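Since we're looking at a predicted model, the values are computed, not measured.
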Amino acid sequence: MKRLLALSAALAACSSTVVSPSSGDFVGPTGLAVAQAGDRDLLFVTSTATDELRALQICTTPPLADGGVDSSSTCSTKEDYQFVPAPMRLFPATVPTGDRPARIAGTRLLRPDGGKGGVALVAGADSSLAVVDARNIVEAMNHISPARAPILLQLSTPVVDVVAATSIDTATNIDATVPAVKAFLATRSGQLLVLDVHLDSSGNAQAPTVLQRCSLGAVVPARLALVPGRDDLVYVADSAGDGAVRISTASIPTIDQAPQACAITRLPAGGPLRSLALSPQWFEANQPDHPAGELAVMTLQTGGVVIARTSDGQIIPTPPFDYRSSGPQTMEPVLVGGVARDASFLRAIRPGAACASAPCTPLWVGDSVNGKLQRFNLLAAIASTDGGLYFLDVLNRRLVNENYFSNQGALVPVLSIAPILSPVSTVTSNPPALTLAPADATTAGRQNLGWVNPGVTRATRWRAIWHADVPGLERRGGTMTHTATGTLLFSTQPADLTLWATDPLLHLGPGDVVTFTTYYPPASGCDDVASETSARFELPIVSIAADGSALELATLPDTPSVKGFNPTCPKFGVVAEVRTAGDHPWLVLENADTRGRAKTGEMFVALEPRNDYPLDYDPKLPPLASTDIAIAFTLSGTEPTIANTQWTFTMTSGQLPTLVRDANSPQGLASQVIEYSSPKVTNLLFATLTGANALIQAAPDLLPVKGGVLSYH
């Protein structure tokens, strides 16, 4: 290393009172990886904006049976969960690795003398891979050896992602130390490289050897993933195509052969991916142990998460069907708060003395008073743009939800604010009404009042607006002229009105209306236009020009009591406001999102993408995309006469997902999450909060306990 600076670590509990964290000094932390350094691990964190790494020490020697400290350990309690300091010990050690380090892979390597070492492989914006010797960092801290600068493996193009294989100790089910590992990296030019990584004869880091390579072709790599404990397969999240691709290591040509295309097997996900993770070995009651890599959690660029079987590349079915079933409809993406960015499986706990039968993987659900430790077969943690970590019950295809275990009735959405009409109607005979659809216990998607569905209907405000402003056409400038048939022509630019006409929710067309809020007549003449009042009338749309440039409008004839609109001025400017009318005059909005148009006397049904599967479902009435109804209601009675009259009501949904968050950084933009286990501690989670310059540490089984969630800044 060219320089070592230091900063001591203070851990902050993410509880009702969060202690302000004081260590780490990150600027744009993104990547995470663990490398072995003797009797401790180093959790490397990229400080991307400062071109450096920070390293958190985690002691790995388990305590003695009586709870005491093993005297053979050189990792003291004062160093445990502290950032590696520099010789001055007032600031954290920083490891400069090149331009904007973003992705890291960690290794556990056996030294020739039998000791434990490891390296971190660091990829950034430049065309090199930095190799950082973890053990040397610790030895330099203790003045045993001089600090060595990272070794750079020069490449022809920047690296998108890098991963290193692990070996699993079957006795402990945690990562083992091995003489050498394979690492895989994907480059921005679309190359996939296989590296051999091991220490030199003195036990020090050395540059990896490139063994194999192939071209990813049309696949645009976003992230790489390996099956825990295996190096024979590598998975590539495709940011341009559908889902991910799997490549057999044995099929990749050696480096001395001519470049060839990778032999890929695709795992569809319903769209491009941001990342993916492969399941560890997991355990199920009365079933053989499930092999690692059986399932893949894929994070879509749109923010949803789907689960696929790797055996046949199929997305698993909707619940309640077994994940191994192939006939039923496949699951819809599960959504978290914000947008999902990364996922990591928690290590599944093997049944033993502490847990006689699966499921055994623990997660605390609920608060410290009323919550309880629940156990699962297979869990994944999902990092989101809202700065939170959410937990996915993989086999049940649902987010872990507090109310599922304590109050399932609350999961069913209910009306919290009854429909209110504004302005209030004065009609007494056949007054306007909004009535929620009656429940039908025998039909899928219609079992609840309003046909609301858990996992589809959200806690939102709904509005039904009569003669509503068409979104995007609330104000539109243009010119008015006359047609040969006696109608008016409103011409406008850009010529894009067909976008609204073909929109499946808006359906702009004949029968809708236009009003004018401002007039721009010529300098002289056109007195009838110059004296017009803003928004005095509405003109029906007769037709829309095929090129989307104009609306043909009917004139408004005079009546004995009301002046019409049939201007004599040959051409004048206007600002138009387009409104819904015709046979579906109501525009239905959920918060600010358009959900469709409604007709008086006709049931309005809002279908929406499912965001979760929070309940146990009847196999005879499974949740299907065709029955994912958010709300259904009927508008009846006398229609309003005032434009933008609206019904408003609010739905409440009892979704209480188990969530890890740094209260000091509520919008931290989580970037990467990894699971960590050692002989001393099992199933910790670490996640980078890039937007908050923070690192989160969580013990899933101790979430409400002080110290169960820690933040480093």
Side-chain angles (χ1 to χ4, degrees), residues 1 24 26-37 40-58 83-84 92-109 117-138 149-153 155 158-166 175 181-188 193 195 197 205 207-208 221-226 228 234 237 275 277 341-344 383 670-676 684-690 694-697 712:
M1 284 179 286
F26 307 114
V27 184
T30 304
L32 290 169
V34 175
Q36 186 174 244
R40 70 195 71 196
D41 288 333
L42 295 187
L43 174 71
F44 286 100
V45 186
T46 62
S47 185
T48 302
T50 57
D51 301 340
E52 299 163 333
L53 302 182
R54 304 289 191 271
L56 183 73
Q57 303 176 85
I58 307 174
F83 285 92
V84 174
T94 64
V95 185
T97 58
D99 188 12
R100 286 166 286 167
R103 297 296 171 205
I104 321 174
T107 62
R108 298 179 182 278
L109 297 173
V119 300
L121 308 174
V122 188
D126 56 14
S127 300
S128 64
L129 183 73
V131 183
V132 178
D133 192 322
R135 184 154 179 160
N136 175 251
I137 291 177
V138 176
I151 298 168
L152 298 181
L153 175 65
L155 302 166
V159 176
V160 175
D161 195 18
V162 56
V163 293
T166 58
D175 295 349
V181 301
K182 283 189 173 68
F184 300 79
L185 60 85
T187 68
R188 196 173 297 171
L193 304 181
L195 311 179
V197 182
R223 295 288 297 277
L224 302 178
L226 300 174
V234 59
S275 68
R341 292 179 59 86
D342 193 33
S344 176
S671 294
Q672 185 174 0
V673 56
I674 64 170
E675 186 274 344
Y676 171 78
L684 284 183
L685 291 173
F686 290 94
T688 47
L689 301 185
T690 305
L695 170 72
I696 289 292
Q697 173 189 317
Y712 306 80

Next item on the list: Could you tell me whether the side chain of Tyr676 reaches within less than 4.5 Å of the side chain of Leu43, counting heavy atoms only?
Entry: no
Next item on the list: Could you pull out all residues at least two apart from Ile151 that satisfy side-chain contact (heavy atoms from CB on, under 4.5 Å)?
Entry: Val131, Ala205, Ala207
Next item on the list: Taking salt bridge (Lys or Arg N to Asp or Glu O under 4.0 Å) as the test, write out the residues that go with Arg223, two or more places apart.
Entry: Asp161, Asp342
Next item on the list: Using side-chain contact (heavy atoms from CB on, under 4.5 Å) as the criterion, list what pairs up with Ser344, not counting sequence neighbours.
Entry: Val673, Glu675
Check: Does a side-chain heavy-atom distance below 4.5 Å link Pro208 with Leu121?
Finding: yes
Checklist line | Residues that Ser671 engages under side chain to side chain donor-acceptor pair (under 3.5 Å), provided they are two or more places apart | finding: Thr690
Note to self: Tell me every residue that passes side chain to side chain donor-acceptor pair (under 3.5 Å) with Arg108, counting only those two or more places apart in sequence or in another chain.
What the structure shows: Asp41
Notebook entry, point to check: Is any side-chain heavy atom of Thr30 closer than 4.5 Å to a side-chain heavy atom of Arg103?
Noted result: yes
Notebook entry, point to check: Got Leu195 and Val162 here, is their nearest side-chain heavy-atom distance under 4.5 Å?
Noted result: no
Note to self: If the condition is side-chain contact (heavy atoms from CB on, under 4.5 Å), which residues does Ala125 pass it with, not counting sequence neighbours?
What the structure shows: Asp99, Arg100
Next item on the list: Evaluate the side-chain proximity of Leu56 to Val45: yes if any heavy-atom separation is below 4.5 Å, no if none is.
Entry: no
Check: What pairs with Thr46 under side chain to side chain donor-acceptor pair (under 3.5 Å), at least two apart in sequence or on another chain?
Finding: Thr48
Next item on the list: Kindly write out the residues that satisfy side-chain contact (heavy atoms from CB on, under 4.5 Å) with Ser127, not counting sequence neighbours, or none if the list is empty.
Entry: Pro158
Next item on the list: Name all residues meeting the side chain to side chain donor-acceptor pair (under 3.5 Å) criterion together with Thr166; count only those two or more places apart in sequence or in a different chain, and write none if there are none.
Entry: none
